[in-house]
Protein chains: 2
Amino acid sequence: MIVDERRSRILQIAEESGFVSLQRLVTEVGASESTIRRDLEFLDSSGQIQRTRGGASYLGDSLSDFDSRRSRASQEKQLIARRTADLIAPGETVLLDGGTTTLEVARHLTGKTLQVLTNSLPIASLLMNRPEIELIFIGGYVYPRTGVALGEQSVEALKKMHASRLVMSTGGITADGLFNSNALLVETERQMIRAADRVTLVADSSKFGQRALSHLCPLSDVDEIVTDDGMSEEWRLVIESAGLKTEVVRT
Amino acid sequence: MIVDERRSRILQIAEESGFVSLQRLVTEVGASESTIRRDLEFLDSSGQIQRTRGGASYLGDSLSDFDSRRSRASQEKQLIARRTADLIAPGETVLLDGGTTTLEVARHLTGKTLQVLTNSLPIASLLMNRPEIELIFIGGYVYPRTGVALGEQSVEALKKMHASRLVMSTGGITADGLFNSNALLVETERQMIRAADRVTLVADSSKFGQRALSHLCPLSDVDEIVTDDGMSEEWRLVIESAGLKTEVVRT
DNA sequence: ACTAAGTGAATGGAAATGATTGTTTTGTTT
DNA sequence: AAACAAAACAATCATTTCCATTCACTTAGT
């Protein structure tokens, strides 16, 4: 088996349940304990997982109820979320993807008269009691921990919907486009892109240059990116030459 | 078992009721007393719980606080919910309607390996982090306050689903059948009945004789009723002559 | 054939665990 | 209030589990 493939698989398994024991990885991936350890070491040093005794825990945009309550969103995410919310005009129909940043965006939407479509349970729970927001939930198989509905049913439901804007997050951005770690999620997000007139990507600057398991879409599918000023000039050029508008918040 | 996993579990248990005894943790987590003590010490020093003699109390908003804030379910509902949960065998595919009683049923489902379909946001939020439960959400227009998905999209989604059992609530029961106050809700519930092999109705005894806006279905659509012993003998005859099984819990 | 990278097994050391001990606290009885 | 028993606790120790390191082996590319 190829190295990258094995590591991707480890990441995927780690993401599913948040925790993976080393032993489980040994049996599921089929490599020796030593190799898995080395992989975990690599993935830890590259910041994708956190090694713990006996296994590893997934880092990244998985929002479990634990995470959202304990560690609040970082300052970058807060600022990005607020700016993104400012872009949204009253009366719009907004499609909201799952993720910690989009959840923060949802927090800032309260008070505006909006129609909100989402496949994220945390976002729906947040907005459910707001009379000024008409909420439509996109059903499907609910992915554990993140509380995001995915799969064929979600895709089918999305086919019948239309929104003026999609606010989405991503696992990584390169010149090739956007990436995410979960194949089912990618499929659902692709359908979201099709359903929306305008695509607004929220991504803190650490996402640039990151590449994850599944390719989601080319850069040209995105209309604008809201990010923080940690983005290098280099990436700014890549993004703007692809015809995307960039909104940069100062931290 | 991995350290972090065990500590997360301790936190989760602590959160549920606000306080946990050490002994309960020993049996539920399956670690030795020493280990649990060490974990409690750690969680205390990191400020997540407060150790007390005999156990520990959760810091922050415990779920039971949350529950008691929004009037806790009555004793009847609790008992009905527990009995209903006992009827459900591991491995079943259960369709759960919205409502406070069905939410209580959902609470008692944790621990069983099940497939759960629901259109209720509160139920989905409750079950979303339970690894033993595969959760499928039925999307649609989210009705404010109750957090239940309704409407054409929900009906369409339900047409493609099938469950071994439906647990539903109702606004009122007469010899003519079941009633509910919301036309959209009635439509969705009718489709639920079609999608399920067996229909279990949860209804406290005050519902008998009540008639609401919309007629939902005849009594013959229901297979069994779980209720409390406030039901009069008269109603018992009506129900049983319609061929329904009745489960009566003693208050 | 040689090198470099990757892999798997073996080793010793570190950390975590469970059982045991003796001590402190709590509640009950007199 | 004093004496006692039961429960809860902290401290210690042997055992187990986990980990980093090392080394030998395989594979792929030059």
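The shown structure was predicted, so the numbers you read here are calculated from the model rather than taken from an experiment. Protein chains get the first letters and strands the later ones, always in sequence-line order, with residue 1 at the start of each. Side chains included, hydrogens not; waters and symmetry mates left out as well; all remaining heavy atoms used.
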Peer 1: Nearest to the A:R6 side chain among C:dT7, D:dC9, C:dT17, which nucleotide is it?
Peer 2: C:dT7
Peer 1: Just by distance, no angles: are the side chains of B:D4 and A:S57 close enough, under 3.5 Å, to form a donor-acceptor pair?
Peer 2: no
Peer 1: Please determine which of B:R165, B:K112, B:R198 meets the salt bridge (charged side-chain N to carboxylate O under 4.0 Å, His left out) test together with B:E92.
Peer 2: B:R165
Peer 1: Expressed as a whole number of angstroms, how long is the span from B:L25:CG to D:dA8:C1'?
Peer 2: 14 Å
Peer 1: For A:S21, which contact category applies under a 4.0 Å heavy-atom criterion: base, sugar-phosphate, or nothing?
Peer 2: nothing
Peer 1: Starting at CD1 of A:I10 and ending at P of C:dT7, how long is that distance when rounded to a whole Å?
Peer 2: 10 Å
Peer 1: For the pair made of CG in A:D39 and C1' in C:dG8, what is the distance, rounded to whole Å?
Peer 2: 13 Å
Peer 1: Below 3.5 Å is the cut-off: list the nitrogen or oxygen pairs between protein and nucleotides 19-22 of chain C, distance only.
Peer 2:
from, atom 1, to, atom 2, distance (Å)
C:dA19, N7, B:S34, OG, 3.1
C:dA19, N6, B:S34, OG, 3.1

Peer 1: When you check the side-chain N and O atoms of A:R194 and A:Q191, is any donor under 3.5 Å from an acceptor?
Peer 2: yes
Peer 1: Could you tell me the separation between the CD atom of B:E41 and the P atom of D:dT12, rounded to a whole number of Å?
Peer 2: 13 Å
Peer 1: Indicate whether any N or O donor in one side chain lies under 3.5 Å from an N or O acceptor in the other, for A:N180 and A:E189.
Peer 2: yes
Peer 1: Assess the side chains of B:T100 and B:K77: does a donor N or O sit below 3.5 Å from an acceptor N or O?
Peer 2: yes
Peer 1: Measure CD/A:Q23 against P/D:dC19 and give the value in whole Å, please.
Peer 2: 9 Å
Peer 1: Can you tell me the distance, in whole Å, between the CD1 atom of A:I36 and the P atom of C:dG8?
Peer 2: 8 Å
Peer 1: Checking side-chain polar atoms at under 3.5 Å, does B:S46 have a donor or acceptor matched by the opposite partner on B:Q48?
Peer 2: yes
Peer 1: Taking only N and O in the side chain of A:R37, is any of them less than 4.0 Å away from OP1 or OP2 of C:dA9?
Peer 2: no
Peer 1: Do A:S125 and B:S125 have a side chain donor and acceptor closer than 3.5 Å?
Peer 2: yes
Peer 1: Measure from the side-chain heavy atoms of B:V3 and tell me the nearest of D:dC9, C:dT17, D:dA20.
Peer 2: C:dT17
Peer 1: Could you check which of C:dG8, C:dG18, D:dC9 has an atom nearest any side-chain atom of B:T35?
Peer 2: C:dG18
Peer 1: Write down the distance between CZ (A:R7) and P (C:dT7), rounded to a whole number of angstrom.
Peer 2: 7 Å
Peer 1: Which nucleotide sits closest to the side chain of B:R53: D:dC19, C:dT26, C:dG18?
Peer 2: C:dT26
